[in-house]
J.: 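To start, I am sharing the structure in question, which I have written as structure tokens.
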Amino acid sequence: MSTLEIRDLHVSVADKAILTGVNLTVRSGQTHAIMGPNGSGKSTLAYAIAGHPKYTVTGGEVLLDGEDLLSMSVDERARAGLFLAMQYPVEVPGVSVSNFLRSAVTAVRGEAPKLREFTKELKTGMDNLSIDAAFAQRNLNEGFSGGEKKRHEILQLELLKPKIAVLDETDSGLDVDALRVVSEGINRFRGSGDTGVLLITHYTRILRYVKPDFVHVFAGGRIVEEGGPELADRLEAEGYERYAKALA
Ligand SMILES: Nc1ncnc2c1ncn2[C@@H]1O[C@H](COP(=O)(O)OP(=O)(O)O)[C@@H](O)[C@H]1O
Ligand SMILES: [Mg+2]
């Protein structure tokens with residue numbers, strides 16, 4: 001049983017206040033959707049939790065099972081059980097997908113998996129996501145299509161089995177088939193009940209496949225409305241306009 005607690009989080013980027021007091025608690029077995037218009041600060045929340053150096057926490061706290069996440073290095077956060085899938089992952093020439101995943105698994109588990117076992121694990125994960133075998137030898141993120149990036153994210157989830165997974169715009173740029181494969185991957189992964197998922201999305205589309213337990217609407221750098229899955233249905237019908245009006 002794990003809990004991610006975000007308490008009154010304030011974050012600035014380049015001296016501009018972006019997050020203005022975010023409160024959110026995610027527990028294992030729960031899926032929370034964060035929805036909101038472009039520029040409302042959704043990715044800023046993900047980056048701040050990840051420990052990206054450009055994002056300065058100016059107030060509040062983030063706790064993982066009671067431990068202060070914000071004082072941890074990025075590696076320590078991963079070892080503590082946090083996983084973040086970024087909207088724009090970086091390319092790493094010279095590092096293969098397979099090498100990257102084995103290093104990541106080693107870092108998180110605290111010991112290197114036996115090569116034969118890892119190879120088997122990797123193959124199972126790739127088969128589950130309909131990823132071609134040759135993909136494992138490609139350079140990390142280099143020339144990945146939108147669908148390949150997202151499948152790679154879900155593959156990482158399956159191998160790393162984090163306590164809390166933060167997925168930023170996992171649905172963007174996916175065609176319907178890829179969206180289904182990725183959604184099935186998320187569902188398989190959260191089916192264990194051991195993991196809490198924070199699913200950040202602008203569109204309601206993915207929420208037809210991955211049913212959230214809670215929906216939070218982001219506007220102006222904080223949560224302005226909360227509800228159950230029915231709130232996502234309303235947003236699909238009405239859009240975000242009324243939140244924009246409320247802020248103006
Ligand atoms: N690295 C950055 N440098 C300058 N401004 C940024 C940076 N990242 C985000 N911002 C600003 O912060 C606000 C929120 O952006 P973001 O968190 O990406 O929103 P969302 O993910 O909801 O679209 C925007 O006004 C954006 O321009
Ligand atoms: Mg974003």
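Values reported hereafter were calculated over all heavy atoms of this structure, with side chains retained and with hydrogens, waters and symmetry mates removed. Every number for a ligand or one of its atoms is a count from 1 in the order of the listing.
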J.: Test: side-chain hydrogen bond (donor to acceptor under 3.5 Å, both in side chains). Region: residues 174-189. Which pairs qualify, not counting sequence neighbours?
T.: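 Only Glu158-Arg188, Asn187-Arg190 qualify under side-chain hydrogen bond (donor to acceptor under 3.5 Å, both in side chains).
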J.: Who are the side chain to side chain donor-acceptor pair (under 3.5 Å) partners of Arg208, not counting sequence neighbours?
T.: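 So Arg208 forms a side chain to side chain donor-acceptor pair (under 3.5 Å) with Glu236.
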J.: Any side-chain heavy atom of Thr3 sitting closer than 4.5 Å to one from Asp65?
T.: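 In contact.
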J.: Touching ligand 1 at all, Ala14? Heavy atoms, strictly under 4.0 Å?
T.: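 Flag not set, Ala14 not near ligand 1.
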J.: Does Thr44 bring an N, O or S atom to under 2.8 Å of the Mg ion (ligand 2)?
T.: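 For Thr44, the answer is no, given that no N, O or S atom comes within less than 2.8 Å of the Mg ion (ligand 2).
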J.: Using 30° and 60° as the class limits, which term best fits the ring planes of Tyr240 and His202: parallel, tilted or perpendicular?
T.: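 Rings of Tyr240 and His202: tilted, as their planes differ by 30° to 60°.
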J.: Strictly under 4.0 Å, does any heavy atom of Lys16 approach an atom of ligand 1?
T.: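 Per 4.0 Å heavy-atom rule, Lys16 contacts ligand 1.
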J.: Report, in ascending order of atom number, the atoms of ligand 1 lying under 4.0 Å from any heavy atom of Val13.
T.: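 Taking each heavy atom of Val13 in turn, ligand 1 has 1 (N), 2 (C), 3 (N), 4 (C), 5 (N), 6 (C), 7 (C) under 4.0 Å.
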J.: What atoms of ligand 1 come within less than 4.0 Å of a heavy atom belonging to Asn38?
T.: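 Contacts of ligand 1 toward Asn38, numbered from 1: 23 (O).
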J.: Assess Pro37 for proximity to ligand 1: is some non-hydrogen atom of it under 4.0 Å away?
T.: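 It does; at least one heavy atom falls under 4.0 Å.
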J.: Please examine the side chains of Ile206 and Leu179, heavy atoms only from C-beta on, and report whether any two atoms are closer than 4.5 Å.
T.: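 Result yes, sub-4.5 Å side-chain heavy-atom pair found.
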J.: For ligand 1, does Lys42 get within less than 4.0 Å through its side chain, its backbone, both, or neither, judged by non-hydrogen atoms?
T.: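 Under 4.0 Å from ligand 1, Lys42 contributes backbone and side-chain atoms.
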J.: Compute the minimum heavy-atom distance from Tyr55 to ligand 1 and say whether it is under 4.0 Å.
T.: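 Yes.
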J.: List ligand 1 atoms under 4.0 Å from Lys54, heavy atoms only on the residue side.
T.: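 Once the distances to Lys54 are compared, the set is 1 (N).
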J.: Over all heavy atoms of both residues, which pair between Leu70 and Glu61 is shortest? Give the atoms and the distance, please.
T.: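 Closest heavy-atom pair between Leu70 and Glu61: CD1-CA, 4.0 Å.
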J.: Count the heavy atoms belonging to other residues, nucleotides or ligands that lie under 6.0 Å from CD of Glu111, then report whether that count exceeds 12.
T.: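 12 or below, so no.
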J.: Hey, is Ser40 touching ligand 1 through its side chain, its backbone, both or neither, going by heavy atoms under 4.0 Å?
T.: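 Both backbone and side chain of Ser40 come within 4.0 Å of ligand 1.
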J.: Can you name the atoms of ligand 1, numbered from 1 with element, that are less than 4.0 Å from a heavy atom of Ile18?
T.: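 Reading through ligand 1 atom by atom, the close ones are 11 (C), 12 (O), 13 (C), 14 (C).
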J.: Counting each atom of ligand 1 from 1 as listed, which ones have a heavy atom of Ser43 under 4.0 Å away?
T.: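 Heavy-atom distances to Ser43 below 4.0 Å select 17 (O), 18 (O), 20 (P), 21 (O).
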J.: Does one side chain, of Ser43 or Asp168, offer a donor that lies under 3.5 Å from an acceptor on the other?
T.: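 Side chains of Ser43 and Asp168: pair found under 3.5 Å.
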J.: Within a distance under 4.0 Å of any heavy atom of Thr44, pick out the atoms of ligand 1 and give their elements.
T.: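 Near Thr44, the atoms of ligand 1 are 14 (C), 15 (O), 16 (P), 17 (O).
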J.: When the ring centroid of Phe144 is compared with that of Phe135, is the distance short of 6.0 Å?
T.: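 Between Phe144 and Phe135, the centre distance is under 6.0 Å.
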J.: Of the choices Gly36, Gly39, Ala17, which has the non-hydrogen atom that lies closest to atom 23 (O) of ligand 1?
T.: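 Shortest heavy-atom distance from atom 23 (O) of ligand 1: Gly39.
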